[in-house]
Protein chains: 2
Amino acid sequence: MKQTVDMGKASGTTTRRPGRPVGGQLEVGREQVLDAAERVIAREGAGASIDAVAHEAGVTKPIVYDRVGGRADLADALAERLSDRMVSASAAAIATEPGLTRESLTRFIQASLEVVGRNRNLFLYVTGGTTDQTALGRLKLAERSTTPMTSVLAQWRTGQGQDPDVAQAWAFGIVGMLQMVSLWWLTQDERPADVVAAQIADLLWHGLPGAIPGP
Amino acid sequence: MKQTVDMGKASGTTTRRPGRPVGGQLEVGREQVLDAAERVIAREGAGASIDAVAHEAGVTKPIVYDRVGGRADLADALAERLSDRMVSASAAAIATEPGLTRESLTRFIQASLEVVGRNRNLFLYVTGGTTDQTALGRLKLAERSTTPMTSVLAQWRTGQGQDPDVAQAWAFGIVGMLQMVSLWWLTQDERPADVVAAQIADLLWHGLPGAIPGP
DNA sequence: GAAGGAAAGTTACCAACAGTAAGTAATCTG
DNA sequence: CAGATTACTTACTGTTGGTAACTTTCCTTC
């Protein structure tokens, strides 16, 4: 890498030249930069640098900073994408029937796992460390996933006259459970997603004493 | 910082000199370096550098590398310390009675939360990002916490003639839930740990339909 | 008791990377 | 055609993880 292409002129024929947009040509906007970041991360792993992202997008570093901000903002934006993907896949998995059953919960979890499996490196990039204040960044990612879950849970609780205050804690707990299980599952090849999903659904559905009799 | 003290001689009077250990004097071993790392992190936050750790320990950087290895190893070692602290606090909280009840589960979770609260920055350092492969490092931390939990769960499952294979997935799930809830709780001041612990215990004990009636 | 070796550390360095300032080429406006 | 504006690039700074090479002391052996 690094190429050492520093001499000002060079670049043979038609150089990409500064100035106003060429006209109706392809511009490199925020979305293109994020797409490029996803490609680099998918290809080269979670350790991708801003330079690598810029190169993949066909631009230089300051453009990346202009379009998406610093590294924390990049991670945020990608986290947003990934959690949107997870939320919509999970929502689709339980949309076939009203209410929640053990089976639809299993599908919900399995869908979430499969999105992680399809976005392995992106998941590692987003949940893993990038900047110094990553932990709180991860919380932000989680927050996006929890928002719809929280409102559903709160609605249910309110519907039965119970304190809806638990909804937020539960949502964060469930998201954390899913994240950790996903991470663990990624390292366990040969362990089918549907089996793990069913196991976790069992726990969330029946609770601990549902399977473990007390003293 | 940086001091710019580069001139070879200097240093006035009694310089710390290399060579064999001075005798019965204090040596700087692995534990001292880890202690120093904890102090720096507690004082200055999760963004502490290796240099800062070395300085706090009164040694230079290569010593840190000799004693604990690189940054990933440092995070590992600190994760080990923190999870040991959490495991023993949690174990103590449920040791007062045999078997598991909703009340002892609540105390278990609360103890875990309180350890996190007492080691705020260390928790953020360990669960947050440091190196590029942090996500897998976090898995290792989790693994240490899950090991005792897995064996307990597996024992229970086996005792009732059920597949103990779920134990590992459940343990990772529960640890992930606790980590995320802890992280969220850290940002919510004025929310008492015992309340949150009771809420999470409710979820883990009764399961979702225990509180949310089906369609 | 001097010569050789092994410890134990320090200094000084390198490479990589996040982030930014200053310069430059095209386009638009008058 | 002059000047402002836009949009981008080059080239830099500062920090930090990690390491190589040198130095000093102590212990051993002849």
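Just so it is clear: chains get the letters A, B, ... in the order the sequence lines come, proteins before strands, and each one is counted from 1.
- Between the CG atom of A/Asp51 and the C1' atom of C/dA18 there is a distance of 9 Å, rounded to whole Å.
- A straight line from NE2 of A/His55 to C1' of C/dA16 spans 17 Å, rounded to a whole angstrom.
- The nearest pair of heavy atoms linking A/Ser104 to A/Ile94 is O-CG2, 3.2 Å.
- Contact annotation for B/Thr60: base contact, defined as any heavy-atom pair under 4.0 Å involving a base atom.
- In this structure, the nucleotide among C/dT11, D/dT9, D/dG17 sitting nearest to the side chain of A/Val59 is D/dT9.
- Residue B/Arg67 has a polar side-chain atom (N or O) positioned under 4.0 Å from OP1 or OP2 of C/dG9.
- For the pair B/Asp194 and B/Arg107, the salt-bridge criterion is not met [side-chain N within less than 4.0 Å of a carboxylate O].
- In this entry the distance linking CG of B/Asp66 with C1' of D/dG17 reads 16 Å, nearest Å.
- The distance between atom CG of B/Leu74 and atom P of D/dG17, rounded to the nearest whole Å, is 10 Å.
- Counting to the nearest Å, the P atom of C/dG19 and the OH atom of A/Tyr65 are 4 Å from each other.
- For the pair B/Arg85 and B/Glu38, the salt-bridge criterion is met [side-chain N within less than 4.0 Å of a carboxylate O].
- When the nucleotides D/dG17, C/dT10, C/dG19 are ranked by their closest atom to the side chain of B/Lys61, D/dG17 comes out on top.
- One interatomic measurement links the two molecules: CG of A/Asp73 to C1' of C/dA18, which rounds to 12 Å at whole-angstrom precision.
- We find that A/Glu31 and A/Arg67 are not joined by a salt bridge, their nearest charged nitrogen and carboxylate oxygen being 4.0 Å or further apart.
- Rounded to an integer number of Å, the gap from A/Ile50 CD1 to C/dA16 C1' is 13 Å.
- Distance CD1 (A/Ile63) to C1' (C/dA18): 16 Å, rounded to an integer number of Å.
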